[in-house]
Structure formats: C-alpha cells, structure tokens
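Report on the structure given below.
In what follows, every chain begins at residue 1, and chains take the letters A, B, ... in the order their sequences are listed. Below, all heavy atoms of this structure are taken into account, side chains as well, without hydrogens, waters or symmetry copies.
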There are 2 protein chains.
Amino acid sequence: MLRALASLFVRLDRGSPTHLQQQICAGLRAAVATGVLAPGTRLPSTRSLAAELDVSRTTIVAALLQLVAEGYLVTRVRSGTFVADEPPDAAPPAAAPRPAPPAALRLSRRGEELARTAGALDSLRPRARAFALSRPALDAFPVREWSRLVARRAARITAGQLDYGHESPELRAAIAELVSSSRGMRVGADQVMLFPGTQPALEFAFAALLDPRDRALMEDPGYGGARTALASAGAALRFAPVDAEGIVVAGAGRARLAYVTPSCQFPLGVTMSLARRHALLAWADGADACIVEDDYDCEFRHAGAPLPALAGLDASGRTVYVNSFSRTLFPALRLGYLVAPGGVVDRLRAARATREEHLPSLTQLALADFIADGHFARHVRRMKVLYRARHQALVEAARATGRLRPRPVDAGMAAVVDIDVAAVAAAAAAARRGVEAAPLHHCYAGGRAPAEALVLGFGAVPPERIRAAVDKLAAAIEEVSARP
Amino acid sequence: MLRALASLFVRLDRGSPTHLQQQICAGLRAAVATGVLAPGTRLPSTRSLAAELDVSRTTIVAALLQLVAEGYLVTRVRSGTFVADEPPDAAPPAAAPRPAPPAALRLSRRGEELARTAGALDSLRPRARAFALSRPALDAFPVREWSRLVARRAARITAGQLDYGHESPELRAAIAELVSSSRGMRVGADQVMLFPGTQPALEFAFAALLDPRDRALMEDPGYGGARTALASAGAALRFAPVDAEGIVVAGAGRARLAYVTPSCQFPLGVTMSLARRHALLAWADGADACIVEDDYDCEFRHAGAPLPALAGLDASGRTVYVNSFSRTLFPALRLGYLVAPGGVVDRLRAARATREEHLPSLTQLALADFIADGHFARHVRRMKVLYRARHQALVEAARATGRLRPRPVDAGMAAVVDIDVAAVAAAAAAARRGVEAAPLHHCYAGGRAPAEALVLGFGAVPPERIRAAVDKLAAAIEEVSARP
C-alpha cells in the first residue's frame, strides 16, 4: 500500500533548482509530520522507491540517510527502514547556522513573555501524534482529485480574482444544495454566508445576535472555542448539563441564545435525540430565544440514520446553522459557513460588511466543483465507514488493556474513556510516551467535572497504530497508579 | 488592445453547467468592477467578440443586452457599446427573489447597529473608481503567467499541504534573496517571517517590541493602519512632522520605537533622504529605540536611484523591516513579511507561535516561483514606468484645470493636490460624480492639518481615464466654491 502511496507525498519537479534528494526529504518529512506516514511504518526497499520515483538508488539512499540523521527515520539491522517512533516536529532543518550579527533590538517585556508562553504552548499543540483532537484522516483524503480540480481552476484565474476575495456565488449555491439535500433544510444560496472557518462564523453570529450581558446557554461540558467567542461577545454564560440524549433543556431558565452541538455533542460525542430537539425548539419558542446550531461531524454518525438538523425542524425561523469543511475535508481549506433564516440574512450580511475576512476565490471555486462533481458526497461516505472502523478499533484496544473504559459514543472522531487515576497526571505521563490525551474536565465549566476521564481523538490514527498507542496510554496510567 | 485582452477576463468553460452567456456576463462584470475595463471604454464589435471567444453572435448580443439592463454597459446609437460611466458595484445580480419564510430570529441592538453602520461604511469603501487609494494597476498584472504558475503548483498538491498552513521555506528564501539584492540588506531566510499582509505583521511587531504605555513615534501625517495597530498595542503615541526629506528627527524626544515609511512617506509620497536616514538611525542609537520600517512602494520611485533601506544602513541591528506584495502584485495575494535582525528572530518567532494565521501553501509556492523565475523583477520594472506615466498624466491634467495644484511626489501611486475649498466638501461633491478623493487632513494627528488638500490614488487609473476623472473633480471643486 505504501508503495502505491509514495508518489502521493513525494512529487518530484525535475525543472526545480532544488536537488531531487532535498525534494524527496521534504516530501517524506511532510508525510511524517502530518501523520500520513505513521510512526513505525516500514518503508519500501530503496530499490522499489527508486523505481517508483524514477531516480537513482544513490539518491534514495542519500535522502534516507539524511532523514535518519534528522531523526525522522530509523534503520533496523536486517529488517529495513522505519518511520521513527517519535519523529521531530514539522519544521524543516535550519539552514547552515550563521553567526547572528550583533543586534541592539530587544523584545519588550510583553514580547519576552509571549516568547516564553506562546513558545511553550506551541510545543504542546497537537501534532500528528495519536489521539490529538480534531484531526481528520488526511491519509484518506483524495488529494489527487483535489489537486486536479484546483489546477483546473488555477489555469483559468481571471483579473477579477486579483482583488480582495469575496463570497463565491457558486460555492454558496453548492452549500445550499448540500444542506437542503442532507440536513432537512430548505434554503437558497442567498441564505448562506461564507467564513474562513467555524470560529469566525461563531464570533460573527454571537456579536450580531447578542447584546453585552445577554444570557447565553451552553452545554456543560462544551466546546471551548464557542465559550471564548461568547465571552468575547460579552455574553453572561449559563450552562445546562448533557445526558445520553444531549443538552438537558428542562430547568434551563431563560436565555437570549443557546449554542448547541446536536449531531455530535462536544466532547461527549452523543447525538441529540429527536425528542430533545423538539424540546429545545419549544424552549426557544417559549423564551423567544435564538439557537446557534454547530452541526460539526453531522456526517459521521456511527449507527442509525442521520437526524434532521435543528434548522430543518425549526418552524419559527430562529435557528442559525454553522458548519465547516475542516473536518470533512481538511483543515487548511479554512472554509466554514453560516445559514440564516431568510428574513434576517440581508441584515446579517450588512452587519458583516466591514469584517476584513479574505476568502480566496480559487479555493472556493475548487470546493464548489468538488461538491458539484460528487466528490464530497463520495468522500464523506468513505470517511463515515473509516471513522466507524477506527472507533471500533479504539474501543476494542481500550477494553483489552483493562485500564480504559470507553463510554458509548454516537458520532464523530473522538471517544471519552474513564480511567482510575487523575486525568492530568495520566495525560502528562502519556505525553512523555508520545501520546496525546486531553483531560475531559478541561471541557467543563461547572463543578461536577469528572477528574478521571480522557478524550481521545482517533480520526487521524490508522487502526494498525491505534493498538500500540492505546498500549502506551495504558502504560502511562499504570505508571501513575504505581506512584506512592 | 481591448480585443487582445477580452480572453483575459472572459474564460469560457464549455464543460461547466453555467450557460456561456452567464459566464461572459460574469467575466465582464468582474472586469468592470475591478477597473480592468474602465468606465467609458468602447467594447469591440459583437462580431469580433464572437470570433475571439468562439461563441455565436447571438450569445454575445444576449450577454451585452443583459449587462446593459444591469447598468454595466451603455449603448450609443451608431457608435457602439461602452462601459457605463458609473457602473454598479461588484455584486452579481441577486437570484430571482423568493419570499423569505417567517423568521423569529432578531438581530441584537448591537447587531442592528452593526448592520446600519457597517452597511453604510461598506458603501463608502473604495471600489474601482478613479483616485481610490492603495489600488495597484491590476489591468497590467501578468495574470496568465500567474495562473500558469499557480496551476503548476496546484497540480502537485501533496498531503502535507492539507494541514494548517505554515511559512514556506522556499518563499522565505526567495524574499531573503530579494531584499538582499534590492534593498541593501544582507539577510538569511531564517530572518524572514511571513504574515497574511502588512497589517498583521505590524500588529505583531508592535505587540512584541512595545510594552503598554511605552512611547512610540510616528510621522505626522502618517499611516492610519499603523496608528490603530500602535493604539492596540497600548502605545503612548508621539508625532514628528514631515518635510521634503521625510520625518523631522530633530526635537523628536525619546521613544521606545519609531514607525516610519522611508521609501514613500504616507501620504505625502516623499522619499526620506540619505542624510535623514542616518539621522534617524543616530536618534535610535541615542534613545536605545527600535525602528519599524514600512518599506511599501520602495519599488516605485519616480526619479533617481533607489536608496538602501534603513535596515540595510543600520549597523546596530535595531530595525525591523516590513513589506508586502499587495501593491507590487495584487491585494488578494494577502502575503506580507517582516525581516528581523538575526539576534532576536528566534524569540520573535517563539512569541508568534500561537497567533492563528493561515498562510496557504499553494499561494506561497506560486509566489516563490514567480520571484525565482524573474517575473517579479520584470513586473516591478514595468510598473515603475507605468506609475511614473500615470503620475505625469495626473500632474498635467490637474494643472490644466487651474483648480488643483499637485505637490511634488518622489514615489508611489498617490499624489497630494492643494485646492481652494474645504477638502471635505470637495470630496463629497466628487463622490457624487463618481470620483474618490481623500481629504489629506484625515491623515494628520496634530493641529496643523491643511483643510484644503486631497490625496488621489492614481495607480489603478489608466492615463486615458485620468483626464476625465480630474475634470470631474475640478467640476466638484467649482461647485463647492460657487456655493454662497
């Protein structure tokens, strides 16, 4: 399989001034850094790599030796070359060190503080390690199809596309069609607003729908990105618990707005039942509130038929629907959207007029083609099967350890596991073994947060890697529980 | 000329579900909206358009009639079809109106206020009208070459490019080479940091170099974008006047940072003399201050050889250099950069680690190719000649009216003209005639702002359109001066 894949991440440009060896290194580094080539993967023989890439074996050997020296690969006597268990991060090796000229420039105290804390935070960011959250299966993305569509549009760039980018009517139409056919909504292209991702869409919606100190209701546990966006909008936050049917509406009190994740509750992964959806809409009618529906991962339900979106069930027109393509396709796409009831979309559009958000035409047009040509629907169908399989592999591996008890999950690419030690200590011990595990209580605002549970993202982890990573996590828990 | 150009802004996709007539309309609308097709331009005959685009004359006639109905084109009996003098804005015509379903959703008071003010502000944004500021000559951009380079890179998208985008080492190397060869700086690729434009680069630099309440020195008049970025960083602003040699350093007092535009002072367009550059560096040494050099339009000096950048003259390493490609190439590119002294760049990079700025790989790689293949240098050489000619045309047209007295300008794509009536009234009267003119005193912070001067951006206005637009501006001034 790897053999057929090699030319996917190493594309040689024989006209480039960059030496072929460096091009091969760059491609393999990127493949390792993004998890396309998983730790422990055995590389094909130098002979077959040379044949596939049509370069000399000398060049291949030189490239592999360089990557061994850099720590991306390891060689094992008589068995071949493998991706290192803990490869370095994505950054390419620095150019030959040169003595820095003397510089009088100093960072301010704030600058130095930023360098310390942001630098430290950055090293904690999820990389391509097992169980990092919110990382889709980039290894299964049809990159050749995508590349072909972008190249086709790129070959026809017009002068009009050189100006600041705006919403593409083609893409708005494709999205209106998509949610109408798959989410039970009936909307026109004029009701779709495009944003560079979910977060800007949420920030805009909260600013336009809430006044400072208005009450906003969130799920507890819930999504941190929405919480910070609500705080930025000056909202007075209220929290409602979540059970196996989703947000518990009874006793929620009045609020001006409710933010919910009905398809795949973040982070518990439960799907809001149909009854609970109707209860939430009735609550909103009673409170004269609006609903912001973050429908992320609606495509990836593990069992049963998809339920219609709240925005599709809502007869009063008080639901704003938000979704993005970062998880269904890939994060670098940076395209999200908001669908508003017809009666207010013109004023929402006016309210947005001076936000400086660039939406590149090329990406928008390629995405519109990708949807219109059926690639989107096909890819989502494949990914649904793939995430189901990865979830199953995680559940089985977790149970086999005896130390991780997976909770039931309805949808998505994350799973909650209960453990018997403090989640923070377990996460720290796991990180030292190269495995990410987010303590569940970080997602809670209230006081009932469970201190002994972890959230594991399995989307980007191929089944053959899941078992090894779960074993490392179990060893980390073992280590913590053995401490005096 | 137009004939050869037509296929540049109308590219027909015969495999697209969009009807050819609509594709032709979309291309022409965009060309008018971006100023590529200037108001008053005569279109070729329907016969020659049909031949060039290889479609039937019926299709061409139907497309032109539609654009006449939409207000983009006008027909004049026995002389042909022309771009309307005041075409509508860029937005495509709305889809067939559909009755909006009843919606309970309401905007908040803040949302309604945003809709009112942002909507109104948006209608004031510079469009493709004559003398809007900061608009380069998109009509002269080598869009075919650019399209070819983007398509070449797009055809080789790799899985590594699907993840969140980071700085391209190729582009950093190309920029290091560019500033080393043209700005008298000697820097390595590791000293270059990439940003999605000048504004984010300035915001970052000010936050990292200043503590709240630190003094920052700006030119007066000066660049509003830098002023708001300094204010966001909590700086205590100090202002120094500008004369024919640039910022007047003598008497500036102490400050922690100075922000300057040496190649093309904003908005006066004077170039800082070599003597003044050395004086500014000596001031910085004496005050132990740092300098943020915004080198925009360094490429477009109207007379004389280019002067080295402050960052090239600075022996102490206290200058941070900032520039972008929005004006040399096109605004939608959204790529700017910062070059820092070698000694601090690592900490600056660490301080930046958690800023969420997406830099699309495809655009970065195509730009690196564009520079490496010599297209950038060639285009800049052509644009230097073009802006000189447009400046000359503006000066001559302005003098001919007897109502506009152009001030000397050394560089760039804007000119200051003195008039005999209040600038605000003149700008309002000009806007009613479809001409933009920014009152100069809006760029002043101090009290000595001249109330009777305008700033005119001529970069995007072809010489044949300059005369007509200047005449409209003169008529607007005439109208104001005739008021009782």
Side-chain angles (χ1 to χ4, degrees), chain A residues 8-9 11 27 30-31 34 36 92 95 98 100-105 107-111 114-115 118-119 121-122 138 141 143 147 150-151 154-160 162-165 169 188 190 208-211 290 316-318 330-332 334 341-344 347 350-351 353-354 358, chain B residues 8-9 11 27 30 34 36 92 95 98 100-105 107-111 114-115 118-119 121-122 138 141 143 147 150-151 154-160 162-165 169 188-190 208-211 290 316-318 330-332 334 341-344 347 350-351 353-354 358:
Chain A
L8 265 187
F9 43 82
R11 305 241 184 132
T34 54
V36 170
R98 47 160 79 214
L105 194 73
L107 273 63
S108 60
R109 285 186 300 275
R110 167 169 60 194
L114 277 172
L121 282 173
D122 188 55
L138 297 185
F141 183 75
V143 64
S147 181
V150 177
R156 293 179 287 154
I157 291 175
T158 59
L162 304 178
D163 218 329
Y164 286 107
D190 52 318
L209 298 173
L210 287 173
D211 283 315
C290 56
S316 321
R318 53 175 78 253
F330 56 91
R334 298 275 279 201
V344 294
R347 292 212 305 299
T354 52
H358 181 62
Chain B
L8 264 187
F9 43 81
R11 303 240 185 133
T34 53
V36 170
R98 47 159 81 212
L105 194 72
L107 273 65
S108 60
R109 284 187 300 276
R110 167 169 59 194
L114 277 172
L121 282 173
D122 189 56
L138 296 185
F141 183 76
V143 65
S147 181
V150 177
R156 293 178 287 151
I157 291 175
T158 59
L162 305 178
D163 216 328
Y164 286 107
D190 52 320
L209 298 174
L210 287 173
D211 283 315
C290 56
S316 320
R318 53 175 77 253
F330 56 91
R334 298 275 279 202
V344 294
R347 293 213 304 297
T354 52
H358 181 63

Legend entry - Atom of A/F330, atom of B/L162 and distance for their closest heavy-atom approach: CD1-O, 3.2 Å
Inset, instruction - Indicate the atoms forming the closest heavy-atom contact of B/A115 with A/A350, along with that distance. - result: O-CB, 3.6 Å
Inset, instruction - Heavy atoms only: give me the nearest A/V143-B/A159 pair and the separation to one decimal. - result: CG2-N, 4.1 Å
Inset, instruction - Identify the two heavy atoms, one from A/R156 and one from B/S147, that lie closest to each other, and give their separation to 0.1 Å. - result: N-OG, 3.6 Å
Legend entry - Heavy-atom closest contact (B/L210 atom, A/R110 atom, distance): O-NH2, 2.8 Å
Legend entry - Nearest non-hydrogen partners of B/A332 and A/H358, listed with the distance: O-NE2, 3.1 Å
Inset, instruction - Count the heavy-atom pairs under 4.5 Å between each of A/A155, A/P331, A/G111, A/S108 and chain B, then report the option with the highest count. - result: A/S108
Legend entry - Between A/L107, A/D211, A/V150, A/V344, the one whose heavy-atom pairs under 4.5 Å with chain B are most numerous: A/D211
